[in-house]
Enquirer: 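I'd like to ask you about the structure that follows.
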Amino acid sequence: MPDHEPSLPLPRPRSQRKEDVLTRLRQDEDLWVATASTRDEPCLVPLSFAWDVQDGLPDRGTLLLCTKRTNPTARNLTPKGEVRLSLGHTRDVVLIDGTAELVEGTDLPTASADAFAAKLAWDPRDRPAWVYLRVTPRSVKAWREENELAERLLMRDGEWLV
């Protein structure tokens, strides 16, 4: 048995972490969504999502999710719209804090709804029981190991720091 800790890979520079986050936003299909009720009851559910690029810039955008309007996740958004999203696993974490707004399928821009449907092979636009959640990121953190914790903050107040 070795008498020393296994060595960690070198920490990624923040610029590489940002690129890794953007790759996950483009390629991953599912994430965890955390909300709380007005009585502070937590709710954590997995939902599918699409990264909806804004102004043609890959690092500017919102996340589109979809859920039934009666589900706790949608109901919890009404007071303030606060939401926390998590992508990845415990050794490759992306945490996004943001503000979510409910958007009816008929009110979502066609290009956004088309992108959601194309990525996930599912189109809820014509289902009145379903609503989109458009999440605008305020804060993004990313890290893999303890040696990346110090510089995990990549976005603050909706602006990338790198």
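On a predicted model such as this, the values are computed, not experimentally measured, just so you know.
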Enquirer: So does Arg91 pair up with Glu145, basic N to acidic O under 4.0 Å?
Expert: yes
Enquirer: Please check this pair: side chain of Glu151 against backbone of Leu149, looking for a donor-acceptor N/O pair closer than 3.5 Å.
Expert: no
Enquirer: Could you walk me through whether Ser37 and Asn76 satisfy the side chain to side chain donor-acceptor pair (under 3.5 Å) test, starting with their C-alpha distance in whole Å, then the side-chain angles of each, then the deciding distance to 0.1 Å, before giving a yes or no?
Expert: CA-CA 5 Å; Ser37 72; Asn76 290 349; 5.0 Å; no
Enquirer: Sort and list the pairs that fulfil salt bridge (Lys or Arg N to Asp or Glu O under 4.0 Å) and have at least one residue in residues 93-108, not counting sequence neighbours.
Expert: Arg69-Glu104, Arg84-Asp97
Enquirer: Any chain of hydrophobic side-chain contacts (each under 4.5 Å) joining Trp130 to Leu65?
Expert: no
Enquirer: Under 4.0 Å between a side-chain nitrogen and a carboxylate oxygen: does that hold for Arg12 and Asp20?
Expert: yes
Enquirer: With sequence neighbours excluded, tell me which residues meet ring-ring contact (aromatic ring centres under 6.0 Å, His included) with Trp160.
Expert: none
Enquirer: Is the backbone of Asp28 close enough, under 3.5 Å, to the side chain of Lys119 for a donor and an acceptor to pair up by distance?
Expert: yes
Enquirer: Assess whether a salt bridge exists between Glu82 and Lys80, defined as any Lys/Arg side-chain N lying under 4.0 Å from an Asp/Glu carboxylate O.
Expert: no
Enquirer: When you measure from the side chain of Arg17 to the backbone N and O of Arg14, does any donor-acceptor pair fall under 3.5 Å?
Expert: no
Enquirer: Would you please test Arg75 and Thr70 for side chain to side chain donor-acceptor pair (under 3.5 Å) and show each step?
Expert: CA-CA 7 Å; Arg75 291 193 325 264; Thr70 56; 5.7 Å; no
Enquirer: Just by distance, no angles: are the side chains of Thr106 and Arg125 close enough, under 3.5 Å, to form a donor-acceptor pair?
Expert: no
Enquirer: Does a side-chain N-to-carboxylate-O contact under 4.0 Å join Arg24 and Glu19?
Expert: no
Enquirer: So if you build clusters from Ile, Leu, Val, Met, Phe, Trp, Tyr with side-chain heavy-atom gaps below 4.5 Å, do Val83 and Leu31 land together?
Expert: yes
Enquirer: Do side-chain atoms of Arg127 reach the backbone of Gly105 as a donor and acceptor pair under 3.5 angstrom?
Expert: no
Enquirer: Answer yes if the side chains of Asp114 and Thr110 hold a donor-acceptor pair under 3.5 Å, and no otherwise.
Expert: no
Enquirer: Working note: Glu148 + Lys141, criterion salt bridge (charged side-chain N to carboxylate O under 4.0 Å, His left out); need CA distance, chi angles, decisive distance, verdict.
Expert: CA-CA 10 Å; Glu148 289 190 353; Lys141 297 174 185 173; over 6 Å; no
Enquirer: Are Leu120 and Val103 linked, directly or through intermediate hydrophobic residues, by side-chain heavy-atom contacts shorter than 4.5 Å (ILVMFWY only)?
Expert: yes
Enquirer: Taking 4.0 angstrom as the limit, do Asp92 and Arg144 come out as a salt bridge?
Expert: yes
